[in-house]
There are 2 protein chains.
Amino acid sequence: MESSSAKAGGSTRREATRQKLYEAAVTLIAEQGFSATTVDEIAERAGVAKGTVYYNFASKSVLFEELLRHGVGLLTASLKEAAEQAAREGRGKVDALDAMIRAGLVFIDRYPAFTQLYVAELWRTNRAWQSTLMVVRQEAVAVVEGVLREGVAAGEFSDEIDVQLTAAALVGMVLVAALDWKSFQPERSLDDVHAALSRLLQGRVSGRV
Amino acid sequence: MESSSAKAGGSTRREATRQKLYEAAVTLIAEQGFSATTVDEIAERAGVAKGTVYYNFASKSVLFEELLRHGVGLLTASLKEAAEQAAREGRGKVDALDAMIRAGLVFIDRYPAFTQLYVAELWRTNRAWQSTLMVVRQEAVAVVEGVLREGVAAGEFSDEIDVQLTAAALVGMVLVAALDWKSFQPERSLDDVHAALSRLLQGRVSGRV
DNA sequence: ATTTTTGCACTGACCAGTCAGTTCAATTAT
DNA sequence: ATAATTGAACTGACTGGTCAGTGCAAAAAT
């Protein structure tokens with residue numbers, strides 16, 4: 001517990017309540033979807049009165065939007081960190097991509113529900129939080145695109161590659177493989193999954209043994 | 001006596017109505033999600049009365065389930081066809097995978113809404129159609145796994161690869177790249193996207209020019 | 001003293017599913 | 001032909017229930 005009663009922004013108690021609400025909302029919405037999840041359910045799972053939800057968030061969809069921002073913020077930070085550490089250690093861009101794949105897997109391993117929910121909402125249109133989602137997606141994909149571009153500039157990647165499409169494909173590879181891992185063979189280790197994806201990234205699939 | 005009129009695969013009128021309902025439902029649910037889409041909306045977009053929906057389908061979720069089965073059936077058939085044609089022409093397994101990637105892209109190009117909806121629902125839990133979804137997913141992924149296994153047996157792929165994880169990753173690669181293509185840069189040609197994915201599949205990303 | 005949370009009753013909009021009645025298209029009788 | 005009949009297909013107003021969001025006085029925490 002943090003005893004320091006810092007006044008910077010909000011009280012600790014309020015922050016704790018919001019956190020509880022995030023955690024309750026994320027699993028429920030991942031399981032059932034946004035519309036099928038009721039505010040009463042969220043409050044109950046968080047162990048909080050319904051009124052408290054509305055004391056802390058303007059509406060159900062605002063709660064959800066802030067949840068999205070919160071989660072993608074964590075992911076982006078983690079990807080950046082992985083890329084920077086690889087750079088700091090003077091390793092190549094392939095290693096940087098590999099480190100980001102691992103960071104992605106670690107994130108999904110820790111927050112599977114959030115990932116699930118994010119994927120389910122990402123390509124929807126006509127939803128209230130559409131624009132939030134776009135912004136936040138771009139932040140994450142941009143990190144991958146950045147590493148690819150640097151790799152091309154450094155001559156480490158072919159300059160024939162399409163940065164945007166390749167970044168999207170890499171993200172998809174990790175996302176879907178990880179969700180399948182969690183959903184259908186959760187007994188596998190993170191290292192197994194990472195090894196399979198590394199091999200694919202480095203073209204060691206079609207390569208003869 | 002129940003079958004009075006000519007019955008070559010169901011009455012034409014009824015079949016046409018169901019088709020209209022599928023088409024209306026698929027776009028609405030892709031845009032908004034299952035729970036946020038009302039039966040009234042579906043009926044209105046299909047140009048049909050609400051009662052007709054219930055005359056043709058037992059419930060909203062049955063309509064959705066049959067829609068899922070219908071769509072994944074098309075996809076699976078198309079993937080199989082691509083793999084078989086490559087085999088018939090005596091090409092290798094890498095070519096077969098490449099042909100399946102293209103078949104996947106063609107499918108998504110033709111039915112983007114269905115794909116969107118499928119991805120959004122696939123990893124949910126606790127939903128009525130969960131089991132349908134699992135079965136149907138397995139059918140599609142199994143086609144990819146089959147080709148990978150044959151490739152390993154033929155010595156064309158490394159026997160170190162993890163068939164299940166690699167298949168999931170390949171599917172994810174195509175799925176996410178294609179959805180991004182449709183959502184964020186729809187002006188690109190199918191060939192562009194196919195080329196980018198081919199390159200990734202064949203490990204020509206990190207390879208120097 | 002002030003902020004935050006609780007508990008709970010209430011409202012108004014919305015929506016899945018129903019059902020009694022109507023239309024359509026084909027078959028049979030005149 | 002054409003009128004009558006039949007069953008399948010379709011219609012849309014209605015019902016019963018659900019749920020987001022409100023209001024507020026009292027209690028608890030800081």
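Below, read A as the first sequence line, B as the second, and so on, with proteins coming before strands; counting in each chain starts at 1.
Arg124(A) and Glu31(B) are not joined by a salt bridge, as no carboxylate oxygen comes within less than 4.0 angstrom of a charged side-chain nitrogen. The residues Arg91(A) and Asp98(A) are annotated as not salt-bridged, no charged nitrogen and carboxylate oxygen being separated by less than 4.0 angstrom. Between Lys182(B) and Asp109(B) there is a salt bridge, since at least one side-chain N of the basic residue sits less than 4.0 Å from a carboxylate O of the acidic one. Salt-bridge annotation for Asp180(A) and Arg188(A): absent, with no side-chain N of the basic residue lying under 4.0 Å from a carboxylate O of the acidic one. Salt-bridge check for Lys80(B) with Glu84(B): failed, with every basic side-chain N at 4.0 Å or more from each acidic carboxylate O.
Ring geometry for Phe107(B) versus Phe114(B): interplanar angle over 60°, hence perpendicular rather than tilted (30 to 60°). Between Trp129(A) and Phe64(A), the angle of the ring planes goes over 60°, which puts this pair in the perpendicular group of the 30/60° scheme.
Phosphate proximity of dA9(D) to Arg13(B): absent, as no side-chain N or O sits under 4.0 Å from OP1 or OP2.
In the region residues 40-58 of chain A, proximity to DNA chain D at under 4.0 angstrom, judged on heavy atoms, holds for Lys50(A), Tyr54(A). Of the residues in residues 16-29 of chain A, those lying under 4.0 Å from DNA chain C by heavy-atom distance are Thr17(A). For DNA chain C, the residues of residues 59-67 of chain B within the heavy-atom distance limit of 4.0 Å (strictly under) are Ser59(B), Lys60(B), sorted by number.
Within the cation-pi definition used here (under 6.0 Å to the ring centroid, within 45° of the axis), Arg137(B) qualifies as a partner of Phe184(A).
Counting any heavy atom pair closer than 4.0 Å across all strands shown, Thr37(A) reaches sugar-phosphate atoms only and no base atom.
Checked by atom type, the side-chain pair Thr27(A)/Arg45(A) shows a donor-acceptor distance below 3.5 Å. Between the side chains of Gln19(B) and Glu15(B), no donor-acceptor pair of N or O atoms lies under 3.5 Å.
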